[in-house]
Amino acid sequence: MSEWTQHGEFELAVFNRVVVAHLAGGWNLEAALAYDQQFRDCAAKLAQSGQPWAHLVTLDDWSLGVPEINPVIDSLVGWCTDHGLQRAAHVYAPSVLKRVHLQDLVRPDGRFELRHFDQLDSAVSWLHQQGFELPAIGEQSPQGSAR
């Protein structure tokens with residue numbers, strides 16, 4: 001266990017075949033490691049089902065991360081694509097700095113499609129068009145959540 005305290009927060013929930021995440025604060029390595037573990041726990045049932053699944057993440061409250069998180073996130077992206085992730089939607093207000101940082105962190109390898117949106121409704125609509133149903137966020141309790 002690290003001697004450092006986690007900086008940065010997240011919430012995770014599963015709705016149907018979509019892992020929904022909300023990220024906040026500036027992330028250090030401890031935040032990335034906690035997210036990695038809890039994300040895999042949340043997505044495990046989806047991965048085991050053999051059906052494709054999606055990921056929706058809201059990033060307006062996220063303030064980027066230290067370089068040490070890059071290999072952790074890269075490993076998580078690999079795990080996701082190896083276990084059935086087909087679509088991912090990043091939602092955040094236009095920000096060149098955030099876009100560049102996220103492009104460095106999450107590099108689709110052709111096995112899943114990633115899109116960026118500046119409005120949550122647009123991301124939910126796109127996922128719906130792709131076959132991934134989401135209730136209006138906040139209307140239903142998730143099938144499992146973590147913080």
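The NZ atom of Lys98 sits 11.5 Å away from the NE2 atom of His90 when rounded to the nearest 0.5 Å. To the nearest 0.5 Å, the span separating CG on Asp36 from CZ on Phe10 amounts to 9.5 Å. Distance check: His55 NE2 to Leu127 CG gives 10.5 Å after rounding to the nearest 0.5 Å. One distance of note links CG of Leu114 with CG of Asp109; it measures 11.5 Å at 0.5 Å rounding. Taken from NE2 in His101 to CG in Leu64, the straight-line distance is 5.0 Å, to the nearest 0.5 Å. Within the model, atoms OG of Ser95 and CG of Asp118 stand 12.0 Å from one another, a figure rounded to the nearest 0.5 Å.
Checking side-chain atoms of Asn28 against main-chain N and O of His7 turns up a donor-acceptor pair under 3.5 Å. Distance alone, capped at 3.5 Å, places no donor-acceptor pair between the Asn16 side chain and the Phe132 backbone. The backbone N or O of Trp53 sits nowhere less than 3.5 Å from a side-chain atom of Gln51 that would complete a donor-acceptor pair. A distance-only check finds a donor-acceptor pair linking the side chain of Arg17 to the backbone of Pro52 [under 3.5 Å]. With hydrogens and angles ignored, the 3.5 Å screen pairs no side-chain donor or acceptor of His83 with any backbone N or O of Ala44.
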Problem - Derivation and outcome, side chain to side chain donor-acceptor pair (under 3.5 Å), residues Arg40 and Ser75 - result: CA-CA 11 Å; Arg40 290 177 196 234; Ser75 173; 3.1 Å; yes

Handout entry: Worked verdict on Glu133 versus His128 for side-chain contact (heavy atoms from CB on, under 4.5 Å)
Key = CA-CA 5 Å; Glu133 297 293 325; His128 175 78; 3.0 Å; yes

Handout entry: side-chain contact (heavy atoms from CB on, under 4.5 Å) between Arg111 and Leu85, worked out
Key = CA-CA 8 Å; Arg111 294 186 288 167; Leu85 176 69; over 6 Å; no

Problem - Verdict with reasoning, Arg107 to Val77, per side-chain contact (heavy atoms from CB on, under 4.5 Å) - result: CA-CA 8 Å; Arg107 294 178 300 266; Val77 170; over 6 Å; no

Practice task
Check the pair Asn70, Leu105 against side-chain contact (heavy atoms from CB on, under 4.5 Å), reporting the backbone distance first and the verdict last.
Solution key: CA-CA 6 Å; Asn70 291 25; Leu105 277 176; 3.3 Å; yes

Practice task
Would you check, one step at a time, whether the test side chain to side chain donor-acceptor pair (under 3.5 Å) holds for Gln119 with Asp121?
Solution key: CA-CA 5 Å; Gln119 297 292 321; Asp121 291 347; over 6 Å; no

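The two atoms that bring Gly8 and Trp27 nearest to each other are CA-CD1, 3.5 Å, heavy atoms only. Phe15 and Pro135 get closest at one heavy-atom pair: CD2-CG, 3.6 Å. Between Gln38 and Leu12 the shortest heavy-atom distance is C-CD1, 3.6 Å. Listed here is the closest heavy atom pair of Ala32 and Val72: O-CG1, 3.6 Å.
Linking ILVMFWY residues whenever their side-chain heavy atoms come closer than 4.5 Å, directly or via other members, places Val66 and Leu76 in the same cluster. No chain of hydrophobic side-chain contacts below 4.5 Å, direct or via other Ile, Leu, Val, Met, Phe, Trp or Tyr residues, connects Leu102 to Val96.
Aromatic ring centroids of Phe39 and Trp79 lie 6.0 Å or more apart. The six-membered or imidazole ring of Tyr92 lies away from that of Trp62, with a centre-to-centre distance of 6.0 Å or more.
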